[in-house]
*Asks:* 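Provided herewith is a single structure, encoded as structure tokens, for subsequent inquiry.
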Amino acid sequence: MATTTSTSLPTLKTIPGDEIRQLLWRFEDRYDLAMLVQSVRAVARGPVARLVASGGRLSHDWTPEKDALLPEYDAAGITAAYMSPEEGGFLEGPKNFAMALIAFELAWVDAGAATCSLAQHLALSPIHERGTPEQQQRYMSLAAPAPGRKTFRGAFCLTEPIPYVGVETGMLGGRVRVAYWPTEEEMAAGKEPILEVSKRGRFITNMGFANFVTAAVDTDDERIKTSCMVILEETDEGTYDRGTPTKKLVHQLSSTSDPVFNMKVPASRIIGGYRIEDGKVVPNHDHSSVIEAVFRRTRVGVGLMTSSKLLSAIEPLIRYHRDRFRGSGAVTPGTPRFELGLQQKQDVTHRLLEIWAAGEASASLGFTTARLFDELDPLEKTKTAILAAHGIGGGMAEFKALKKRQVEAIEFLDMQDHLESLRPKARYQALAEDVVVQYVILDATANVLCPATKLWNTGYGSHMMREAVSLMGGYGITEDCPGFLSYKWMDTQLEATYEGPEAVQRRQMSVTMTNPVFLAQFRNWIHEMRRVASHDPGTGACTLASAMKLWTWTLDHLQLAKDANGTKLYQSNRQGVTFPMADALCWLLASRAQILDVERLAAEGPKNPALEDGLDGTVQFLRDLCHMQAARAAGEVARICTELVYGYLSHPSWTEPGCGACLSQNDLVSMEALVPGASGFSDETVGEGGVHETKAGPCAVHPGLNDFAKLRAKLEACMTGFQLAKDRAGDSLTKVMIPAALDYPQ
Amino acid sequence: MPYQIIVCGGLAPDPLQTLEPVPGAASPGLKNEMMLPGVLDPWASHALYEAANLAKQHPGSTVRLVSLAPKAKLQQVLMTVAQKLPFELMALDGANNGFSDANETGKALGEAIAKLDPPMENLLVFGGWESATRGSGAVMQIVAERLGIADVFLAVDEIKVEEGGSFLVKERVEGGKHMVSRCSAPPAVLAWATGNLAEPPNHPQTGMANMRVIMPSLQKATPTAVGSGMSFASASLPKQVRETRIVKDTSAAEIAREIAEWLKQ
Ligand SMILES: Cc1cc2nc3c(=O)[nH]c(=O)nc-3n(C[C@H](O)[C@H](O)[C@H](O)COP(=O)(O)OP(=O)(O)OC[C@H]3O[C@@H](n4cnc5c(N)ncnc54)[C@H](O)[C@@H]3O)c2cc1C
């Protein structure tokens, strides 16, 4: 353990800058993205920050000042970043990672600004993911800013007034009906059915200015087969009422209201198109399949908003703590009180480190997920084409076809876990090149990582944001707080809520995390962490691997085990079992992503001469944060698993039938006389008059759970050294150089 | 007439950073300088904006930035600068900061430009009248000397091209006044003060077009060691305690109002 206890290790010299972030998040070769970051940052720390500082958040209305930010987003490339070059954009290839960076940079100052930009992409996303080529061409191009015309802006309208859509997205009150069915001649001449769409929205973002809406509607008209999403334009015939602004307390730089629509549109506005079969309009995609494709991508950006805010809190907090006593005549320069201020107190540095570690872990998780979607996007398209070539065209048929390939996906993952020299080369190569197999693997991973990012980053992030506010003392809850921390804290609650609250993410994970392909992948990750630990023991990777092992053991157990009443434990309506397991998994995934990012920095950093001076200290510090976070994750996982494994067993009581076997005091004395020390092997005794010890009953003993107990004991021992890492990181925190002032107003 | 405009510009630490001199092997440096975010030297930035503006008014003109800086650091700075306006790059990869010798820096830049063998009849060499790091105000004059250009203008705020190819140059002089000179034709060296142009907004699309040309030039940066003809006895922060409030993006009117209020106190 010499490596982790030494005090002569290098310390962090400066707050990690762009070069470090690019290496951690793996975009050092993407100058298009590096530029986008700079451009978005200038808007966030310029006009957005000025508006927040001047009280722009103190109104529910969509004010001219807020509206003036939209052209700023356009000019900085934020709006066009979502489009392909043919549609008026400038980034080639998939855009998930780019979108994630935009959300991160804007939320550094104000998550409402980030939401405003995200909602535009959310509105377009149904069209982008499932629209017909004509729809894509029209709306993506209109929404790409161009000189001399107004940018077409959109809103995504799913949620409805109570009692309709909220978490339950199937409960649609909005309706689409046929308003006019063309005659046969008209049909032959290309005339389409006209639809009447009536929809009320609740909490719809961008409604203050949206020119079009992508709305989810069901149908009660027998001439329409299923629910669908439709595009409504403000100039369409009928009512396009933006509604009154929502009196929200958060994200005030985005516009939210409860709109009402009652409009007539041609059937070609059904997203993804339709067919006419047996005299019925059959939408090619129902609303659920569209929103599923949409949310799985846009949720990642929301998770990263909270991460960004956590990391943005570090510098203002260090400054506040250091400067706390400066300026008083009694505290003179050179004294520890002057130089360190509140940083003299260990709790202050340790709590700040926990915020920092959570920020790093959640950012790593979010960006890992965003990169994964960038990998997945092209595979998804090729997979669809391959399946279509075999006559499989989506829906249940596709689901079944993909399920069949799971065996090969697992075979591939098993081979991947072996040393290269031990793999059957030809077979491995064949599976590596099989797009469908690779898609099945990435898809299974994405189906877990996306909800995990949304759930953990925002949920735990919200908790840690409160810590940040508390470390600013009274200042933390004022409008003057540097870095707008209290706004950022409040805002996290919305990040945890919109695009599906935590329950939605937990529900999704509780299904996707039991996919055998994901579990095969996860088992490989355990070995991966052990390998990292073998060459870099100070990262906490071994602790994490032990926690991952405990989690898989527990999941296997819960899927088979029953509670004391004989009811199956792991089942969809038993959220008390499935949801905490999803939470536990998030901790593990975030910590793993953090460790892998820092490993990458350590490997690639030396190639950048600009980092020569401080790389060692930065890597050491970030590794210490990894170690802290891994231990924290391990603790959470241990707690959750223990609660679930033991919590559903009933505690033995003194009155149970077998309890008569308890030895009496006299029995013990006799035993002791025969074999000295033997009485020590008996746990439970009964005293005179049949009175038991004063406790709930005989202590619970579960020989069947010995494996669990061993894994847990091992895990606890694996915590060794993490507090030393924290102390060392705390030392860095007192030495790190920070800028003289924040680079945005307050 | 289309111009060939060459702009000399180095790097400076981001102005919000805490700067602390520390002794180095050959000369002092700034604490953690390489780890701190950098910017294109503000004076040189003004020169670059003016160059782009002039090039825009004279179709066919080219703008080339010549920069002596650590390559990796320069690359980061270009992520912002290159999205503001179109230009090409010639990078000289070498250490350079506020403690580097102005004479040696000027020589290195001058020689690099001379190697390009630019046609003198339409050459304008721009730069900052001083740097934010060193503030010697000598480099551009040395560059001019190396290139054999006799018309050198310092603390320039404006260039106005006249019909026939001559141009007027406004230089700052004492007492808030300007001196206006007429120069009959290029070549000339213009060392800029702030000029009159605002910082152009970021535009990633421009940046991406630029980077296609800039990245290969950056890869080919010539390693350039700048010798030092000086020795430093000591380097320290000014002893006088200043009451400094650091703010960004405050308008001139607002700053003036604050100063006036402070004077009245
Ligand atoms: C500012 C803001 C902007 C928004 N922008 C948009 C937008 O642009 N477009 C849009 O369509 N919507 C938008 N929304 C709506 C948002 O997505 C919904 O509020 C959210 O999905 C939750 O729905 P609900 O509020 O009806 O909560 P409910 O459905 O009433 O759920 C309340 C709580 O009950 C629990 N719960 C509910 N169902 C379950 C379950 N099955 N299992 C376990 N627990 C459960 C959860 O704890 C949940 O948080 C926005 C909301 C806000 C506040």
Side-chain angles (χ1 to χ4, degrees), chain A residues 12-20 22 28-43 45-47 49-50 53 72 75-78 80-81 85 88-92 98 315 333 607-615 617-618 736-746, chain B residues 11 13-20 22 24 29-39 69-84 93-95 199-212 214-215 218 223 241 243-251 254:
Chain A
L12 181 70
K13 288 186 171 167
T14 55
I15 304 261
D18 284 323
E19 286 99 336
I20 300 281
Q22 287 162 10
E28 74 277 10
D29 293 332
R30 293 281 307 268
Y31 59 76
D32 50 346
L33 297 181
M35 284 187 178
L36 184 64
V37 164
Q38 296 302 330
S39 176
V40 181
R41 187 175 297 167
V43 175
R45 302 186 197 190
R50 282 199 293 274
E72 299 278 0
I78 294 170
F90 55 96
L91 294 175
E92 301 279 354
E315 186 197 312
K607 293 181 191 159
N608 183 343
L611 298 177
E612 203 178 304
D613 284 351
L615 185 66
T618 306
V736 64
M737 203 166 118
I738 57 165
L742 204 58
D743 63 354
Y744 55 97
Q746 63 192 58
Chain B
L11 304 186
D14 182 288
L16 287 177
Q17 300 299 322
T18 311
L19 305 179
E20 193 183 324
V22 285
L30 291 176
K31 193 173 170 188
N32 299 328
E33 186 167 4
M34 281 298 275
M35 297 293 285
L36 298 177
V39 292
K71 187 165 98 173
K73 206 86 206 135
L74 180 61
Q75 182 173 333
Q76 273 315 312
V77 171
L78 286 172
M79 294 305 146
T80 307
V81 180
Q83 50 178 318
K84 295 190 177 294
D93 183 17
E199 182 176 340
N202 292 317
H203 192 247
Q205 291 92 321
T206 303
M208 287 183 50
N210 261 343
M211 287 313 270
R212 278 183 208 114
I214 287 177
M215 277 314 265
L218 198 61
V241 178
E243 279 292 322
T244 311
R245 196 164 72 82
I246 300 170
V247 285
K248 227 183 167 186
D249 301 323
T250 302
S251 68
E254 181 65 12

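In what follows, chains are A, B, ... by sequence order, proteins preceding strands, each numbered from 1.
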*Asks:* Heavy-atom distance under 4.5 Å to chain B: side chain of I15(A), backbone, both or neither?
*Replies:* neither
*Asks:* Distance-only, no hydrogens or angles: does the K13(A) side chain make a donor-acceptor pair with backbone N or O of M35(B) under 3.5 Å?
*Replies:*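 A pair under 3.5 Å: no.
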*Asks:* When you measure from the side chain of Q17(B) to the backbone N and O of L36(B), does any donor-acceptor pair fall under 3.5 Å?
*Replies:* no
*Asks:* Using non-hydrogen atoms only, which part of R41(A) is less than 4.5 Å away from chain B: side chain, backbone, both, or neither?
*Replies:* neither
*Asks:* Between G614(A), G77(A), P609(A), A49(A), which has the largest tally of heavy atom pairs under 4.5 Å with chain B?
*Replies:*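 Of G614(A), G77(A), P609(A), A49(A), G614(A) has the most heavy-atom pairs under 4.5 Å with chain B.
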*Asks:* Quick check on A75(A) against chain B: is it the side chain, the backbone, both or neither that has a heavy atom closer than 4.5 Å?
*Replies:* backbone
*Asks:* Rounded to the nearest 0.5 Å, how far does CG of L78(B) lie from CG of N210(B)?
*Replies:* 9.0 Å
*Asks:* Report the option among E20(B), H203(B), Q83(B) that has the most heavy-atom pairs separated by less than 4.5 Å from atoms of chain A.
*Replies:* Q83(B)
*Asks:* Does D14(B) reach the main-chain N or O of P37(B) with its side chain, forming a donor-acceptor pair under 3.5 Å?
*Replies:* no
*Asks:* Please check: side-chain N/O of K71(B) versus main-chain N/O of D93(B), any donor-acceptor pairing under 3.5 Å?
*Replies:*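 Not a single qualifying donor-acceptor pair exists.
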*Asks:* For E612(A), is it the side chain, the backbone, both or neither that has a heavy atom under 4.5 Å from a heavy atom of chain B?
*Replies:* neither
